[in-house]
There are 2 protein chains.
Amino acid sequence: MSSAENHLQTAIAYVSKYIGNIQEEELELLLQCIRFANYQKGDLLYRHGEIPKSASFVITGAVRSYYIDEEGKENTVGFYFENEPAFPYGSFVELVPAAASFVAMEPVVVVWISRHDFYHFLETFPRFETGIAKVLGEYLIKGGQHLKLMRIDSSRERYKKLLEIQPEIVTRVPLTYIASYLGMALETLSRVRAGKL
Amino acid sequence: MSSAENHLQTAIAYVSKYIGNIQEEELELLLQCIRFANYQKGDLLYRHGEIPKSASFVITGAVRSYYIDEEGKENTVGFYFENEPAFPYGSFVELVPAAASFVAMEPVVVVWISRHDFYHFLETFPRFETGIAKVLGEYLIKGGQHLKLMRIDSSRERYKKLLEIQPEIVTRVPLTYIASYLGMALETLSRVRAGKL
DNA sequence: TGCATAATTTGACGTGCGTCAAACTTCTTT
DNA sequence: AAAGAAGTTTGACGCACGTCAAATTATGCA
């Protein structure tokens, strides 16, 4: 099977996961609406301050979202891997500028849909709205978990908790970004991992 | 105008805000689905660990959400005032136990809808889904703001930022809860406000 | 009005972790 | 295989803020 076909399968499986079996006509329109895109390490999928014009879902690779604070420091707020949505959700729905940028941490393939096609599709097949709500719900829960994580005061415990709830992050992501995600200095994370704190 | 009629007006205005004009039939079903409820200070609207059976919107009063962490400490994660949704969103949609409890900080009136009626209504009038997505989007943005707030390292700056983005909180909420919301000791917040830090 | 309880302030002290700096290790690229 | 860049570790030092304790002020209720 070619890589393109493979990606298509993945994308369809992704949609099915949220809304169940897809009808012939639904699939037809869906295929007209979705596109695939490749990114190299360091490429931006979404830029902070811009209103997102599309919704992307990771097929392969790893994406990181971050924003720059007033002191110019980069704050990592999310990681997105295979079979996860990776775009500024709230901003996409609310049509406001995104607070965060999304960047490829390694070669990335995504399936994406433009805002226009997205809403056109939903108008045609309203039953898909339910799936959207579910995705949003997952996003909310994920965000809540991160907030909860960040509220743990001790660095050691914060890292411990991360290992507990998202161990895959620790194996795939450079230390710098994990430290940033956990809101601690790189050096502190290093010491925590060495058991020196 | 009676207080009950007044609340009804508020509720309808709230819905209109998200989906525009409401048709006769829509309103009729809506009125069959929604209920009002009163809470006294300290009453729980939602309990952590339970799957929310309803969606509530504040008509009057103030609500606070919090969770208890492993050390038994109470962590405030949100405040909800007039014309805001106040319920565990992600959990409501995803049918998972809520991470947080919601409690009335003062006498509260809410309009609520059961999950059953909620989905029944949406099936009957799918165009309302769009409004739901918007509410979810607002929630996401709100959550993102709080996370961003929490990532500011200095207590002083964290409080300053809160004043900037949600000044109403500072006037309506006891210090203890603000401190908890900002992830700092009550004493630290007191010193920050006195300009001693 | 006065008493009890809650809310906020002030002080003293200790420490976790950020910052700066430098060494060491692991990837890239040619 | 060498040279450079990127990623990670280690050490030294200081201070912001948490904790404990007690004083002061505000609030509710008889």
Side-chain angles (χ1 to χ4, degrees), chain A residues 39-43 61-62 64 66 68-76 79 103-107 148-163 167-197, chain B residues 40-43 61-62 64 66 68-76 79 103-108 148-163 169-197:
Chain A
Y39 295 95
Q40 291 310 308
K41 181 175 173 176
D43 289 352
R64 180 175 71 94
Y66 67 90
I68 309 289
D69 64 25
E70 270 115 48
E71 281 88 49
K73 203 176 68 178
E74 196 178 285
N75 289 60
T76 298
F79 299 110
V103 62
M105 289 194 291
E106 36 182 278
K148 226 168 146 177
L149 181 67
M150 286 302 290
R151 294 183 65 105
I152 299 175
D153 4 5
S154 128
S155 293
R156 207 171 82 84
E157 296 303 318
R158 219 146 65 235
Y159 180 69
K160 227 173 98 185
K161 189 56 125 186
L162 180 65
L163 279 177
E168 72 281 11
I169 289 182
V170 181
T171 57
R172 284 186 72 172
V173 177
L175 270 208
T176 320
Y177 301 139
I178 299 178
S180 165
Y181 183 72
L182 291 175
M184 66 181 75
L186 169 62
E187 296 92 328
T188 303
L189 178 57
S190 176
R191 281 184 249 262
V192 164
R193 283 162 54 107
K196 298 182 177 175
L197 256 177
Chain B
Q40 291 310 305
K41 180 176 173 176
D43 288 353
R64 179 176 71 94
Y66 68 89
I68 309 289
D69 64 23
E70 269 115 48
E71 280 89 47
K73 204 176 67 181
E74 196 178 285
N75 289 60
T76 298
F79 299 110
V103 61
M105 289 194 291
E106 35 182 279
V108 163
K148 224 167 145 176
L149 181 66
M150 287 301 291
R151 294 183 67 104
I152 300 174
D153 3 5
S154 128
S155 294
R156 207 171 83 84
E157 296 303 317
R158 219 147 65 235
Y159 180 69
K160 227 172 97 187
K161 188 57 127 186
L162 180 66
L163 279 178
I169 288 183
V170 181
T171 56
R172 286 185 69 172
V173 177
L175 270 207
T176 322
Y177 301 138
I178 299 178
S180 165
Y181 183 71
L182 290 176
M184 66 181 74
L186 169 62
E187 295 93 327
T188 303
L189 178 56
S190 176
R191 280 184 250 261
V192 164
R193 283 161 56 106
K196 299 183 176 172
L197 255 178

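Since we're looking at a predicted model, the values are computed, not measured. Just so you know, these numbers use all the heavy atoms, side chains as well, and skip hydrogens, waters and symmetry mates. Convention: sequence-line order gives letters A, B, ...; per-chain numbering from 1.
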Can B:E74 and B:R64 be counted as an ion pair, charged N to O under 4.0 angstrom? yes
Quick one: pull up OH in B:Y181 and CD1 in B:I169 and give me the separation to the nearest 0.5 Å. 5.0 Å
Contact class for A:S190 (heavy atom, under 4.0 Å): base, sugar-phosphate, or nothing? base
Base, sugar-phosphate or nothing for A:R191? Non-hydrogen atoms, less than 4.0 Å. base
Using OP1 and OP2 only, check whether a side-chain N or O of A:T176 sits under 4.0 Å from D:dT8. yes
To the nearest 0.5 Å, tell me how far A:E168 CD sits from A:L162 CG. 8.5 Å
Whole-Å distance, B:L182 CG to D:dG18 P, equals 11 Å
Over 12 foreign heavy atoms within 6.0 Å of OH, A:Y159: yes
Where each residue is assigned the nucleotide of DNA chain D containing its nearest heavy atom, which of A:D153 and A:Y177 is assigned the position nearer the 5′ end? A:Y177
Between P of D:dG18 and CD1 of A:I152, the distance in whole Å: 16 Å
Write down the distance between CD (B:E187) and C1' (D:dA21), rounded to a whole number of angstrom. 10 Å
Atom pair CE/CG of A:M184 and A:L189 - distance to nearest 0.5 Å: 5.5 Å
Nucleotides bounding contact with chain A, strand DNA chain C, heavy-atom threshold 4.0 Å: C:dC17 to C:dA21
Would you mind reading off the distance between B:R158 atom CZ and D:dG18 atom C1', rounded to a whole angstrom? 12 Å
In whole angstrom, what separates A:R193's CZ from D:dT9's C1'? 11 Å
From the options D:dG18, D:dA21, D:dT10, select the nucleotide whose nearest atom is closest to the side chain of A:A194. D:dT10
Quick one: do A:D69 and B:K161 make a salt bridge, cutoff under 4.0 Å? no
